[in-house]
K.L.:
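Let me begin by handing over the structure; questions about it come next.
Note that the numbering runs from 1 along the sequence shown for the chain.
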Amino acid sequence: MKRITLSLALAASLAACGSPERPDTTPPPGLSVSLAQWRSDEPAHRLQIAVRNTTDTPVHFADVQLVTPSFKTLAPARADTTLGRTERTDLPAPYGAANCPPQGLPQVRPATVVARLSTGGGPLRTVVFPVPHPDPLLARLLRDECSEFLIKQVAELAFGPRWTESDGTMRGSVVVTRRGAGKVTLTDMGGTTHYIVTPEHRPLGTLEPGASRLEVPVSLSPGRCDPHAFAEAKKAFLFPVRASLDGGEARVIIVVPPEPLQERLTRWARETCGLGGGS
């Protein structure tokens, strides 16, 4: 009996020694974060961790990371930034591809920002900031990416290979190539910061269930001709195409011309604007 009692006591002692306290991941007082995105972040698949510090205690951020089931988790992004009192300081961080189910649009899931930071010159520790749920930015990004995913399961959209220049207009096409079952209708195509898109008609066309390919003619013309616009062309080639599947709600798909066509469009637009063909 004594042997059993001693064994139980020893087991309890070992269990206590083997269960250290969990590290404190609570954010320091006065420190909070929110999510934001600038225009230049969109093509880079990046967002901003907007930090607010209402105290005078300096906080050093080693790295930051977005964690949510709605998007694939990427490695922490290096920050290496020390912040004092600030209403908002942005720390850039890439985010992963959306996790899109094949059966429809998902609801955005809760998110956190995980950061390694030190407060007042202290040691680094991991802190978890809850993001107020549902976050409108994450909800929009998830909706847009998963809408595109649903359409792309049925058809691939791309710029056609043949483009001709005449009278200040570049004429070519968007090609729809079948990948799965369903009827795909292109309802409209929008321009970008640099190019005005003029389709021949709206809706642009329909890839019927029995068809494997659809070619839709479109025309491009320069939207801005100031040199500053060409120097700051963050979204010049992200063309939004609205498409619907089997008569459902129209979704936005971003169609990007291949790099050789991008270079050709840039030279042509500069020449049309009287700025020369240089980059």
Side-chain angles (χ1 to χ4, degrees), residues 42-45 69-72 95-109 138-166 169-221 223 235-266 268-269:
E42 294 182 35
H45 215 257
S70 291
F71 295 87
K72 290 180 173 59
Y95 60 98
N99 290 319
C100 302
Q103 65 271 19
L105 294 179
Q107 295 293 317
V108 69
R109 303 284 297 280
L138 290 183
R140 177 177 63 79
L141 295 175
L142 182 68
R143 181 199 65 216
D144 291 350
E145 285 197 33
C146 290
S147 294
E148 187 169 356
F149 170 81
L150 291 174
I151 298 292
K152 284 185 173 180
Q153 287 187 109
V154 178
E156 178 184 7
L157 277 67
F159 275 71
R162 294 178 297 277
W163 289 81
T164 58
E165 310 165 23
S166 64
T169 301
M170 183 78 80
R171 293 179 174 85
S173 64
V174 170
V175 177
V176 186
T177 306
R178 181 170 299 286
R179 302 177 67 179
K183 180 176 74 171
V184 178
T185 298
L186 304 191
T187 60
D188 202 358
M189 180 174 179
T192 70
T193 54
H194 277 58
Y195 300 96
I196 298 170
V197 174
T198 307
E200 284 194 356
H201 46 73
R202 294 180 176 88
L204 282 63
T206 298
L207 181 69
E208 298 291 348
S212 60
R213 189 176 184 274
L214 171 70
E215 190 164 351
V216 175
V218 294
S219 299
L220 305 181
S221 55
K235 299 173 64 177
F237 297 109
L238 303 182
F239 289 88
V241 178
R242 296 187 65 82
S244 64
L245 179 61
D246 293 328
E249 181 182 351
R251 316 287 191 186
V252 174
I253 298 176
I254 301 300
V255 182
V256 181
E259 286 192 11
L261 181 56
Q262 291 184 27
E263 294 171 0
R264 181 183 173 189
L265 287 171
T266 299
W268 162 77

K.L.:
Check whether any side-chain N or O of E156 sits under 3.5 Å from a backbone N or O of T177 as a donor-acceptor pair, and report yes or no.
P.N.:
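Answer holds: no.
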K.L.:
How far does OG1 of T198 sit from CE of M189, to the nearest 0.5 angstrom?
P.N.:
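Result: 10.5 Å between the selected atoms.
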K.L.:
List the steps and the verdict of side-chain contact (heavy atoms from CB on, under 4.5 Å) for F71 and L138.
P.N.:
CA-CA 9 Å; F71 295 87; L138 290 183; 4.1 Å; yes
K.L.:
Which distance, rounded to the nearest 0.5 Å, do you find between the CG of L261 and the CE of M170?
P.N.:
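If I round to the nearest 0.5 Å, the distance is 7.0 Å.
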K.L.:
I need the minimum non-hydrogen distance between S244 and I151, along with the two atoms involved.
P.N.:
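Of all heavy-atom pairs spanning S244 and I151, the closest is C-CD1, 4.1 Å.
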K.L.:
Can you name the residues that form a salt bridge (Lys or Arg N to Asp or Glu O under 4.0 Å) with E148, not counting sequence neighbours?
P.N.:
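K152.
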K.L.:
Does the side chain of L220 come within less than 4.5 Å of F239's, by heavy atoms?
P.N.:
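Sidechains of L220 and F239: in contact.
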K.L.:
Which heavy-atom pair separates R202 from V197 by the least distance, and what is that distance?
P.N.:
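Closest heavy-atom pair between R202 and V197: NH2-O, 4.4 Å.
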K.L.:
Is there a donor-acceptor contact under 3.5 Å from the side chain of T192 to the main chain of H194?
P.N.:
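The answer is yes, because a donor-acceptor pair under 3.5 Å joins these two groups.
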K.L.:
Go through the structure and list residues passing side-chain contact (heavy atoms from CB on, under 4.5 Å) with T169, not counting sequence neighbours.
P.N.:
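Testing T169 for side-chain contact (heavy atoms from CB on, under 4.5 Å), a comparison that skips the adjacent residues, returns R171, S219.
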K.L.:
Applying side-chain contact (heavy atoms from CB on, under 4.5 Å) to R213 and R178, what does each step give before you reach the verdict?
P.N.:
CA-CA 6 Å; R213 189 176 184 274; R178 181 170 299 286; over 6 Å; no
K.L.:
So, for L142 and A98, which heavy atoms are closest and what is the spacing to 0.1 Å?
P.N.:
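Closest approach of L142 to A98, heavy atoms only: CD1-CB, 3.8 Å.
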K.L.:
Considering all heavy atoms of both residues, which atom of A243 and which atom of I253 are nearest to each other, and what is their separation?
P.N.:
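Closest approach of A243 to I253, heavy atoms only: CB-CD1, 4.2 Å.
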K.L.:
Report the C-alpha separation of L186 and V176 in whole Å, then their side-chain angles, then the decisive distance to 0.1 Å, and conclude whether the side-chain contact (heavy atoms from CB on, under 4.5 Å) test is met.
P.N.:
CA-CA 9 Å; L186 304 191; V176 186; 3.6 Å; yes
K.L.:
Set out, in order, the CA-CA distance, both residues' side-chain angles and the distance that settles side-chain contact (heavy atoms from CB on, under 4.5 Å) for Q262 and V256, then state yes or no.
P.N.:
CA-CA 9 Å; Q262 291 184 27; V256 181; 3.4 Å; yes
K.L.:
Quick check for you: to the nearest 0.5 Å, what is the distance between E215 atom CD and R162 atom CZ?
P.N.:
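Rounded to the nearest 0.5 Å, the CD-CZ separation comes out at 5.5 Å.
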K.L.:
Counting only heavy atoms from other residues, nucleotides and ligands, does the tally under 6.0 Å from CD of Q107 exceed 12?
P.N.:
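For Q107, atom CD is not crowded (no more than 12 foreign heavy atoms under 6.0 Å).
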K.L.:
Supply the atom-to-atom distance L157 CG to I254 CD1, rounded to the nearest 0.5 angstrom.
P.N.:
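Rounded to the nearest 0.5 Å, the CG-CD1 separation comes to 11.0 Å.
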K.L.:
Is the closest basic N to carboxylate O distance between R242 and D188 below 4.0 Å?
P.N.:
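So R242 does not pair with D188 through a salt bridge.
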K.L.:
Is any side-chain heavy atom of L265 closer than 4.5 Å to one of F237?
P.N.:
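They are in side-chain contact.
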K.L.:
Can you name the closest pair of heavy atoms from R264 and W163 and give their distance?
P.N.:
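Shortest heavy-atom separation between R264 and W163 comes out as NH2-O, 2.8 Å.
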K.L.:
Please examine the side chains of C146 and P106, heavy atoms only from C-beta on, and report whether any two atoms are closer than 4.5 Å.
P.N.:
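The answer is yes; the side chains approach within 4.5 Å.
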K.L.:
Are any non-hydrogen side-chain atoms of L105 and S147 less than 4.5 angstrom apart?
P.N.:
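Of all side-chain heavy-atom pairs linking S147 with L105, at least one is under 4.5 Å.
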K.L.:
So V216 and S173, do their side chains get closer than 4.5 Å, heavy atoms only?
P.N.:
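Result no, sub-4.5 Å side-chain heavy-atom pair not found.
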K.L.:
Which heavy atom of V175 sits nearest to which heavy atom of G160, and what is that distance?
P.N.:
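Taking V175 first and G160 second, the nearest heavy atoms are CG2-CA, 3.8 Å.
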